[in-house]
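Right, one structure below, let's go through it.
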Amino acid sequence: MPLDFIRPDIRAMNAYHVARLPADWLKLDAMEVPYTFPTALQNELATALAHTEINRYPNPADSTLPAALRRAFAIPEQAHIALGNGSDELIQFISLLFARAGAKMLVLEPSFVMYRRNAELFGMECIGVPLKSDFSLDLPAVLEAVKTQQPALIFLAYPNNPTGVAFARAEVEAVIAAAQGLVVVDEAYGAFSGDSFLAQAGTPENLLVLRTLSKIGFAGLRLGYAAGAPAVMQELAKILPPYNMNCLSLTAAEFALNHMDVVNQHIDLLKQERKRLFAALQEINGVTVFPSQANFITVRLPDAEAAYQKLCDNKILVKKLHGSHPLLADCLRLTIGTPAQNDAVLSVLAQSAS
């Protein structure tokens, strides 16, 4: 049987679950932006895509997209840029880059599940350091783990997913200063935060900043990027697959970056809605709302299972965190949607609490 030759640890894993739901549901589980380009820009994009040379292999490293990323996000010249088929691919290959015998990865818990998944996939020992009960970073515990475990690789989501909490910048800087290995500051939600490490990308040498276009309105493009010191990025380039980006995504991404005024309008709308939703959730009896610098809010309810089911009964899908980690007991993660979508969530949660 072919299955007999597959690695036992992989056979014991569960696949990453992607929810499927009917078209008439509100999809607020995956931190997608609910807004799209206006019709005129959609037509311009269609024309650009129609003229893309899909008969040719793409060359991501030689494309004009890295220059467009530098302009759009003020990435310093000293930083080299790598493109990935979503930041998931970059997480995978960064992990592979450091996955030699005996290597360790340090992650915070709870955080993005794919960090640990990749450590397990590539045979790295994964050291998990729990967050505090309010989802803030336990700096003494992290620094002690860095000192005693000497991890080759550290992943810090900034702001954190699935909690939304942004760690104190000085704490992240302390981790970078203490680490001998590479510290990946994953800013998937950086556009919704008041801070970024992109300006420091390239110095110090052990800092790599990871970002994505997925969370700013272009999840379907599957385009992530990493910025870091040349010495590390040159090694990463050796193992990234050739032609790992398709030319349609490269064209669409550059088009999007040339219209950042529209993108930023959407981001500002969602930040305003985050503030409104946060305040309204605080008014619901029994709900604990955690501060967020992302495009979602994590809440704790008296009975998350019942609230989740009530939302589903009303054709609203959110992310049930309950059961995934002890610190996330009775928690749900709510993607920020349009005002009408957010009002629908609030109405159901208020009914659940009554």
| request: Assert yes or no for the condition that the ring centre distance of Phe192 to Tyr189 is strictly below 6.0 Å. | output: no

- [ ] Examine Phe290 together with Phe296 and report whether their ring centres are nearer than 6.0 Å.
- [x] no

Keeping to residues at least two apart or across chains, list the side-chain hydrogen bond (donor to acceptor under 3.5 Å, both in side chains) pairs with something in [range].
range	value
residues 239-268	Thr52-Thr251, Thr64-Glu254, Glu89-Asn244, Asn246-Ser249
residues 144-157	Lys104-Gln149
residues 277-305	Glu305-Lys320

Would you say [X] and [Y] are hydrophobically clustered, going by side-chain heavy atoms of ILVMFWY under 4.5 Å?
X	Y	value
Met114	Ile10	yes
Leu69	Leu248	yes
Leu213	Met31	no

Answer yes or no: are there more than 12 heavy-atom neighbours, outside [X] itself, under 6.0 Å from its atom [atom1]?
X	atom1	value
Arg7	CZ	yes
Glu205	CD	no
Leu21	CG	yes

Exactly one candidate in Leu332, Leu317, Leu26, Leu28 meets side chain to side chain contact (heavy atoms under 4.5 Å, CB included) with Leu311; the answer is Leu332

The side chain to side chain contact (heavy atoms under 4.5 Å, CB included) partner of Gln92 among Asn85, Asn118, Ile239 is Asn118

query: Would you call Arg11 and Asp9 a salt bridge, taking side-chain N to carboxylate O under 4.0 Å as the test?
result: no

(request) Taking only Lys NZ, Arg NE, NH1 and NH2, and the carboxylate oxygens of Asp or Glu, determine whether Glu32 and Lys215 approach each other closer than 4.0 Å. (result) no

Does the ring of Tyr158 carry Arg169 above it, NZ/CZ under 6.0 angstrom from centre and within 45° of its axis?
no

- Query: Can you find a pair of side-chain heavy atoms, one from Val113 and one from His325, that are under 4.5 Å apart?
  - Reply: no

Counting only N and O atoms by type, is there a donor-acceptor contact under 3.5 Å from the side chain of Ser347 to the main-chain atoms of Asp343? no

